[in-house]
Amino acid sequence: MVKQNWDTEELIENWTLLPQELKLTKKKVGGNQIGFALLLKHFQLFAYFPEDKSSISQVVISYIASQVNLPESSYSDYDWQGRSAKVYRVEIRRLFNFKVASVQNSEEMVTWLIDEILPDEPKNEAITEFVYQRFRELQLEPPTKPQVERLIKSAISKYETDFCQQILDKLTPENIEQIDVLLSTEETESDESVEQSGKKIKMSDFAFLKTDPGAVGLGSFLTEISKLKRIRAVGLSTNFMMGKSSKLVKTYRHRAATETPYLLRQHKDSIRYSLMAAFCVQRTSEITDSLIEILTTIIKRIDNRAEKRINQELIEEFKKVSGKTNLLYRIAEVSIAEPSGVIEQVIFPVVSLKTLKDLVAEYKGTGLAYKRRVHNVMRASFANHYRRMIPQLLEVLEFRSNNDLHRPVIEALELLKKYAHSKARYYDSTEEIPIDGVLKSNAKEILMETDSDGNERINRINYEICVLKALRERLCCKEIWVVGANRYCNPDDDLPTDFETKRQIYYQALTLPEDVETFISGLQQQMEEGLEKLDKGMPRNKDVTIGGKGNKGLIRLSPFDAASDPINLRQLKGEINRLWHKTSLLDILKETDLRVDFTRKFKSMGTREILDRETLQKRLLLCLFGMGTNTGLKRINTGIDGENYQDLVYVRRRYIHKDQLRSAIAEVVNATFEIRLPHIWGEGTTTCASDSKHFGAWEQNLITQYHLRYGGRGVMIYWHVEKNSTCIYSQLKTCSSSEVSAMINGVLKHCTSMEVKKNYVDSHGQSEVAFAFTHLLGFQLMPRLKRIKVQKLYRPHAGVADAYPNLETVMTRPINWDLIRQQYDQMVKYATALRLGTAETEAILKRFSKNPFKHPTYLALMELGRVIKTIFLCQYLDSEAIRREINEGLNVVERWNGVNEFIFYGKGGELASNRLESQELSVLSLHLLQICLVYINTLMIQSVLAQKHWSKRLTARDLQAITPLIFSHVNPYGLFKLDMKERIERLSQPLVA
């Protein structure tokens, strides 16, 4: 359907009749002129005719009527399906040289969809757009909307049927036999037991493979290895699905996970074995990733705990001695004066024995002795507990590297594997033990022992610890990768394979010049202009002070003056509270769905739906409310007639999934943008702010971590909120994972109609690499820098001294443009990978995290980031308006975070599940509930302000501070009642079709 809300500029651009078109229109009679003009402009705009009168907005009809000088009422008599309308359609098709699509054209469209679109695009909405676009390119009038839907369903059905048959043909009898064993309901010897709430629970192989990993520890590590061995027994290689649509494979994997073995056995062979093959292949990668996460965390934990223990032991004996130079002078002075004297009589009176002991303790604590003590503690922990994981680790995981520099670590792992089951204390004297590239400086001294023959030998346990630490460092930056992993796969696979053939297309998509000199000259000019403007403006800039001497200059910013209070907003909130006092939060969710119909986005993971739409809609709303408030499905079921807990669990399992929730969220966000009145909320926005909030969570999983700032275990939710308080994207992350990758991920993957041009972040969301990638991706990173005083400005050119006299104390070295010049193509390739989503954002950025191994592209990204950051700092320091803009944007995120606790009140606001999927669904349901609140509040505010006594009452400050994030009129508690026939009254906006 054509959108209902058109502003003046859109009407002029899309619905204005040109002189020749107006001449054709005037040849018609009476109301037929309006009808013909609507058909003409609609076909010109969309390449198909509207299906009925209701498809056209009244605003458009009025605009067309005004152009042909006829009253709107004359259009009411126009027969949309009459003989005149049919003649007009033929005339318009002939005018644009279009034909009506035939049956053969539809069959060709099905073939085109199967070959070109379906392998990469599984969403029906996007496929529909491609179909209409294709018909337009072929100059064919598409069939009716129901016929197009049937055409798409036919293409999808044929594509998936072919996919399933190809998978079945590829499976060997041994593969099929092992899959049947997995789906067997009979308990076998390989049935596993897992611990839940302190009890051992027996489960089938298939159920065991679906479980998430537990808390980091040796037990979880060994359990994941058991899963990996069991799933590999099916016999599917890591590249079994190569050449198949990754999105379809992912869909089949999730569908298999939602069904029981009994339901899976009811499918015909091609579907059953395709579902299970997709599950096994994807689950293998997921388990491998989990194993590596547990491994790297264990290695880090052993090291950290050893250091912590030694630090506690040294806390009494270790005391940093001040004035060591003066003490040395006094000792030297008395020693020269009495060179033959007794130490106790000459030196102790000057420097006490206790002070000298403190000096010795300090030396031991900071030198090799300290490292040796830490290593001894690590060795004890590793040898007595964790060492047993080495043989199994090296048996199931295959490590590789694309860089010869890290070949010694691979060779060291091969050596560990060779001696995995040996009880020898030392390696054989004939073995070549990799040292360089594996051990750090001074580490060899710690590892060496003297054997019974008096020879120095490397202890195996010591060496294993060092190899694992070296492995962890390289895994974290993907210099070493793992066969069969997803996040830790070959880093070359993260990049688009067709970059060389589509190089020009990819550069155009990023709006970047192919010529690196053009790219560099533009940046140099921006740097020069920014530095020059800041330098000249410093004498007049009263809010920024640059002081200090040499290269130790400090930047100081004056705090903002307090803004005046918005005088009318309290009365506005009071009016809303009076009109809609104690509105149920469940009613807000229901009203939004009745207007937006976001529940249509929730489709069954199966091939058919047996629930009628009305019943399903009601149960979906109850499930979403229960998860979004964290009260749970059992409690939300209380007081709802005709519903029971089992029904809600069924709907939750079969219909509510992450991708569908994101689509529903995007639907509400876009609807909010549509209903906004520009004179209240301003014109469409392109600015967004992002930040994270800590939520408590159960800890028997990999994502929950301890957070020092909040003093407890939990997870972080990272929000992207535009300036009028609508959150466009949310994601669950660990406390230690990169906020930079979360920031970039949200800007790239939000599925709303908003185009983000600026993104405000706090200090944690920025880095030099972040500045580089955001520039390459086409949006501006604008952080509020916490340590602004120590920031430095880079010079655009070398050899230009005193070019910026007012900035000299904060200027540093010139930019190395050659580094950017050499790696430009590689940087664009990684930016393209981020844009296309060829791999997870965090997986790609792992290679560019802080690590001892400086990848050439990483160095170039750092240098480019320094360029962009210098340009930003010049703007930030020169303009108070920019600083205020960033501050206000981040305040919006803080307000959004404040409402989280009001809505997510159940179970003390803690994510009460150890399953990652359940945690993600709770977060997304909270997101959906909160933007539904924003949507309804937007309507309420606009309804109040439409009253005469509110006309022109709001001041500029009121409009600046107005927000739909208010909840004093909302009641989230009490007895839950859901009547689909009751509506929230006095909301002025019509329903969105």
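Taking both residues in full, the closest heavy atoms of Cys932 and Phe598 are given as SG-CE2, 4.0 Å, listed atom of the first, atom of the second, then distance. When all heavy atoms are compared, the tightest approach of Met389 to Leu218 is CB-CD1, 3.8 Å. Contact record, Ser918 with Ser913: CB-OG, 3.3 Å, taken as the closest heavy-atom pair. Closest heavy-atom contact between Leu621 and Leu589: O-CD2, 3.4 Å.
Using a 4.5 Å heavy-atom cutoff, the side chains of Tyr252 and Glu160 are in contact. For the pair Val721 and Ile728, the minimum side-chain heavy-atom distance is 4.5 Å or more. Taking 4.5 Å as the limit, every side-chain heavy atom of Ile717 sits out of range of all side-chain heavy atoms of His927.
Partners of Lys300 by salt bridge (charged side-chain N to carboxylate O under 4.0 Å, His left out), not counting sequence neighbours: none found. Here Tyr718 pairs with His720 under the ring pair (Phe, Tyr, Trp, His ring centres under 6.0 Å) rule; sequence neighbours left out. Applying the salt bridge (charged side-chain N to carboxylate O under 4.0 Å, His left out) test to Glu917 and every residue at least two apart in sequence or in another chain returns Arg915. With sequence neighbours excluded, no residue forms a ring pair (Phe, Tyr, Trp, His ring centres under 6.0 Å) with Phe602. With sequence neighbours excluded, the residues that form a side-chain contact (heavy atoms from CB on, under 4.5 Å) with Asp289 are Ala485, Asn486, Arg487, Tyr488. Judged as a side chain to side chain donor-acceptor pair (under 3.5 Å), and not counting sequence neighbours, Asn304 has no contacts. Residues passing the side chain to side chain donor-acceptor pair (under 3.5 Å) test with Thr629, sequence neighbours excluded: Thr631. Listed by chain and number, the residues in a salt bridge (charged side-chain N to carboxylate O under 4.0 Å, His left out) with Glu259 are Arg255, Arg654 (sequence neighbours excluded). Taking Tyr729 as the reference, nothing meets the ring pair (Phe, Tyr, Trp, His ring centres under 6.0 Å) condition, with sequence neighbours excluded. Residues passing the salt bridge (charged side-chain N to carboxylate O under 4.0 Å, His left out) test with Lys846, sequence neighbours excluded: none. Legend: residues meeting side-chain contact (heavy atoms from CB on, under 4.5 Å) with Thr672, ordered by chain and number and at least two apart, are Val668, Arg676, Thr726, Val934, Tyr935, Thr938. Checked against ring pair (Phe, Tyr, Trp, His ring centres under 6.0 Å), Tyr710 has the following partners two or more places apart in sequence or in another chain: His694, His707.
Using a distance-only test at 3.5 Å, with no hydrogens or angles considered, no donor-acceptor pair links the side chain of Thr615 to the main chain of Leu611. The backbone N or O of Ala833 sits nowhere less than 3.5 Å from a side-chain atom of Asp494 that would complete a donor-acceptor pair. In this structure, the side chain of Lys907 engages the main chain of Asn630 through a donor-acceptor pair within 3.5 Å. Distance alone, capped at 3.5 Å, places no donor-acceptor pair between the Ser274 side chain and the Ile271 backbone. With hydrogens and angles disregarded, a donor-acceptor distance shorter than 3.5 Å links the side chain of Asn914 to the backbone of Gln700. Checked by atom type and distance alone, the side chain of Arg230 never pairs as donor or acceptor with a backbone atom of Asp205 at under 3.5 Å. Under the 3.5 Å distance criterion, the side-chain polar atoms of Lys601 are left unmatched by any main-chain donor or acceptor of Gln660. Proximity of a side-chain donor or acceptor of Gln731 to a complementary backbone N or O of Ala742 within less than 3.5 Å is detected. Looking only at distances, no side-chain donor or acceptor of Asp597 sits under 3.5 Å from a matching main-chain atom of Leu594.
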Tyr273/Ile167 under side chain to side chain contact (heavy atoms under 4.5 Å, CB included): CA gap, chis, key distance, verdict:
CA-CA 8 Å; Tyr273 293 120; Ile167 296 301; 5.8 Å; no
Pair Ile966-Val899, side chain to side chain contact (heavy atoms under 4.5 Å, CB included): steps then yes or no:
CA-CA 8 Å; Ile966 53 176; Val899 182; over 6 Å; no
Run the side chain to side chain contact (heavy atoms under 4.5 Å, CB included) test on Ile588 and Phe967 for me, step by step, so that the C-alpha distance in whole Å, both residues' side-chain angles and the decisive distance to 0.1 Å come before the verdict.
CA-CA 11 Å; Ile588 286 175; Phe967 51 86; over 6 Å; no
Quick one, Leu118 with Ile156, criterion side chain to side chain contact (heavy atoms under 4.5 Å, CB included). Give me CA distance, side-chain angles, the key distance, then yes/no.
CA-CA 7 Å; Leu118 293 179; Ile156 293 173; 3.9 Å; yes
Start with the C-alpha gap between Glu842 and Asn745, add the side-chain angles, then the distance that decides, and say whether side-chain hydrogen bond (donor to acceptor under 3.5 Å, both in side chains) holds.
CA-CA 8 Å; Glu842 187 172 4; Asn745 193 55; over 6 Å; no
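Between the side chains of Thr583 and Asn971, no donor-acceptor pair is found at a separation under 3.5 Å. Side-chain contact, Thr704 with Glu699: no donor N or O sits under 3.5 Å from an acceptor N or O. Side-chain N/O atoms of Asn897 and Trp719 include a donor and acceptor closer than 3.5 Å. Side-chain contact, Ser753 with Asn670: a donor N or O sits under 3.5 Å from an acceptor N or O.
In this structure, Glu614 does not pair ionically with Lys618, as no charged nitrogen and carboxylate oxygen lie closer than 4.0 Å. Under a 4.0 Å N-O distance rule, the pair Lys227/Glu224 qualifies as a salt bridge. Using a 4.0 Å cut-off between a side-chain N of Lys or Arg and a carboxylate O of Asp or Glu, Asp593 and Lys590 do not qualify as a salt bridge. Between Glu667 and Arg600 there is a salt bridge, since at least one side-chain N of the basic residue sits less than 4.0 Å from a carboxylate O of the acidic one. For the pair Asp180 and Arg265, the salt-bridge criterion is not met [side-chain N within less than 4.0 Å of a carboxylate O].
Aromatic rings from Phe221 and Tyr386 are positioned such that their centres are separated by 6.0 Å or more.
Going from atom CZ of Arg662 over to atom CG of Leu924 covers 4.5 Å, rounded to the nearest 0.5 Å. The NZ atom of Lys582 sits 11.5 Å away from atom OG of Ser584, with the distance rounded to the nearest 0.5 Å. Here CG of Leu702 is found 7.0 Å from OG1 of Thr297. Values are rounded to the nearest 0.5 Å. Atom OG of Ser290 sits about 12.5 Å away from atom CG of Leu295, to the nearest 0.5 Å. Considering CZ of Arg253 and OG1 of Thr258, their distance stands at 9.5 Å, rounded to 0.5 Å.
Enclosure of atom NZ in Lys250 is not indicated, since only 12 or fewer non-hydrogen atoms of other residues, nucleotides or ligands lie within 6.0 angstrom.
Here the rule is side-chain contact (heavy atoms from CB on, under 4.5 Å) with Leu624, and of Leu929, Leu926, Ile656 only Ile656 fits it. Test Glu739, Glu894, Glu901 against Lys693 for salt bridge (Lys or Arg N to Asp or Glu O under 4.0 Å) and you get one pass: Glu901.
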